[in-house]
Amino acid sequence: MKNLQRAGLALLAVGLAAVPFVASDTLVQFGINALLVATLTQGWNIIGGFTGYPSFGNSVFYGLGTYGTAIAMAQLHLPFGVGLVAGGVLGVAFALLFGIPILRLRGPYFAIATLGLAAVMSAIVATIGFAGKNIGLILPLFRGDTLFYELSLVLLVAATGTVAWLARSRFGAGLVAIREDEDAAQVMGINTTMYKVGALALAAFFSSLAGGIHAYWITFIDPGSAFDPTLNVRMVIMTLFGGPGTIFGPVLGSFVLSAVSEVLASKVSTVASLFYGFVIVLAVVFMPKGLLDLFQGFRHSGFRYFAQNMRRFRL
Amino acid sequence: MTAPIFEVKGLTKKFRGLTALSDVTFQVAPGEILGLIGPNGAGKTTLISLISGTLLPTAGEIHFEGRRIDGLPAFKRARLGIGRTFQVMKPFPGLSVLENVTVGALFGATEGQEKKRAKARELARELLEFTGLTRHAEQRADQLGGPDRKRLEFAKALALHPKLLLLDEVMAGLNHVEVDEVVALIRKIRDRKVTILVIEHVMKAIRNLSDRLLVIHHGQQIAQGKVDEVLADQRVVEAYLGKRRQ
Ligand SMILES: Nc1ncnc2c1ncn2[C@@H]1O[C@H](COP(=O)(O)OP(=O)(O)OP(=O)(O)O)[C@@H](O)[C@H]1O
Ligand SMILES: [Mg+2]
């Protein structure tokens, strides 16, 4: 069974890697976006799903990765690889610096404290000449969707591999304990501060690299698109939709939602904007534990699964 | 008395205006069971929180195995071997009973011993057996009944390999039979050479268990010593009867 699963996953990865060689340009471009968003979602899963800290600051990590890469390439004329590292360092440094004070807050207080971060960062960046003020930066043009696609896929696989490690490691057990009850975690010997900051830094790492790849691919960035709070909202919804605290749920959730919203957007745009709102309400009421749990529960008890959920969570 | 494993000197805790604990001083010998009693709001839970590190004292010192620990964060004290239960129980609700206990084994006092999950799970299974929870191992913690939740608090605290165990009203809400079971469990734990500080309102149990008693009233330490002597003390009787007959 385990080997079968492994073989299936390997096959899936190979299949995904083959997409740019067989699919249309539009599909590949959709794929790059979907892979990067899935990586962001997986990053949110680490701090939100595993550790239980509902961060709205993850779009800042993404934005810093974007700007780190863009400044290195557009202003300092450094190669892409160096730019990516610069973006990653910026994102992780921010997580370490701000994580320590902000992670002292719990639950809704933490969420509110992180809520304003993206707007503040966007305003700050818009005043820095070196970062292109509010006009933004243009990166050197590089046409190579296949490369961007494969790079995004590698990043997603790395993020998912990290989450798989969390699910079986001592570190991951500590994060889950913090999510379940932080006071109890403390008196059981868990260095909660270090663990929380570590989780945030991991999330920042993957988010800022996704930002860096996206910046070079799209070749133009500005404060508004780099520090976009709605991007963070999507990470939250996709994680919750797929199954927070699981290995594959967030990836599945973001693939499904990316695809559905793409289809809707091409038909009627007003419907697309309402779409996420509906998803939140439906997901919370009918499957508060996400898609993965839905599949397992549905196999087990059919439509009664929904009724059980409503009873279990007193909805 | 042999050299104390644990010692508190002039411990004081103020919550803004309110003095919850004032100048408390006592020692505990290795392997001893010290009973801590006092009316509601006396400051008992506050004392346990100060010792375990979830609260920091306003003044005073705490020494454990000859080392001053009142400045250490809670997780370090846990790793030194101080385990506690919570009066308002704090299981990891979404995890199975086995996983709950495994966490303690992964992070507890035996550095480097149980860092592998499989090893920690093995130890956790032993503790489930010890506390009578084996048949609930795979159940979610928030689906346990009251008495089993208390057992889970025990098992989690024991997974740390504590040398000092702080028990906060682990018998509240239990019937006679269940109380007797818990008393037997605490004795079994003491037989493992664990020193125990136990807060309890159930008088019969505390009388049975304790080697010595410490009485707190309005944050003041009003009596300390042999069980019978303390219970006969005039101030203790007044503190209790004054409260009970309202
Ligand atoms: N975090 C806190 N902030 C402010 N006041 C507190 C806090 N914790 C406890 N107190 C107050 O300190 C006093 C002692 O409380 P504590 O919980 O230690 O009493 P207790 O002896 O454990 O009582 P009980 O038998 O009811 O459990 C009470 O007056 C309580 O209201
Ligand atoms: Mg109390």
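Numbers restart at 1 for each chain; the letters A, B, ... are given by sequence-line order, proteins then strands.
More than 12 heavy atoms of other residues, nucleotides or ligands shown are found within 6.0 angstrom of CZ on Phe15(B). Crowding of Arg168(A) atom CZ: a count of heavy atoms from other residues, nucleotides or ligands under 6.0 Å not exceeding 12. No more than 12 heavy atoms of other residues, nucleotides or ligands lie within 6.0 Å of NZ in Lys14(B), so this atom counts as exposed by the packing criterion. Annotation for Phe205(A): atom CZ does not count as buried by contact number, only 12 or fewer foreign heavy atoms lying within 6.0 Å. Annotation for Arg104(A): atom CZ does not count as buried by contact number, only 12 or fewer foreign heavy atoms lying within 6.0 Å.
Taking 4.5 Å as the limit, every side-chain heavy atom of Val103(B) sits out of range of all side-chain heavy atoms of Val176(A). Arg179(A) has its side chain out of reach of Phe92(B): every pair of non-hydrogen atoms, C-beta onward, lies at least 4.5 Å apart.
Nearest heavy atom pair, residue Lys90(B) against residue Asp183(A), reads NZ-OD2, 3.4 Å. The two residues Phe86(B) and Val187(A) come nearest to each other via the heavy atoms CE1-CG2, 3.6 Å. In terms of heavy atoms, Asn191(A) sits closest to Arg79(B) at N-NH2, 4.1 Å. When all heavy atoms of Met188(A) and Asn100(B) are compared, the closest pair comes out as CE-O, 3.8 Å.
With a threshold of 4.5 angstrom between heavy atoms, Pro93(B) approaches chain A through its backbone and through its side chain. Both the backbone and the side chain of Lys156(B) come within contact range of chain A, with heavy atoms under 4.5 Å apart. Heavy atoms closer than 4.5 Å to chain B are found nowhere in Thr193(A), neither backbone nor side chain.
By number of non-hydrogen pairs under 4.5 angstrom with chain B, the leading residue of Ala173(A), Gly245(A), Gly189(A), Ala184(A) is Gly189(A).
Within the model, atoms OH of Tyr195(A) and CZ of Phe107(B) stand 4.0 Å from one another, a figure rounded to the nearest 0.5 Å.
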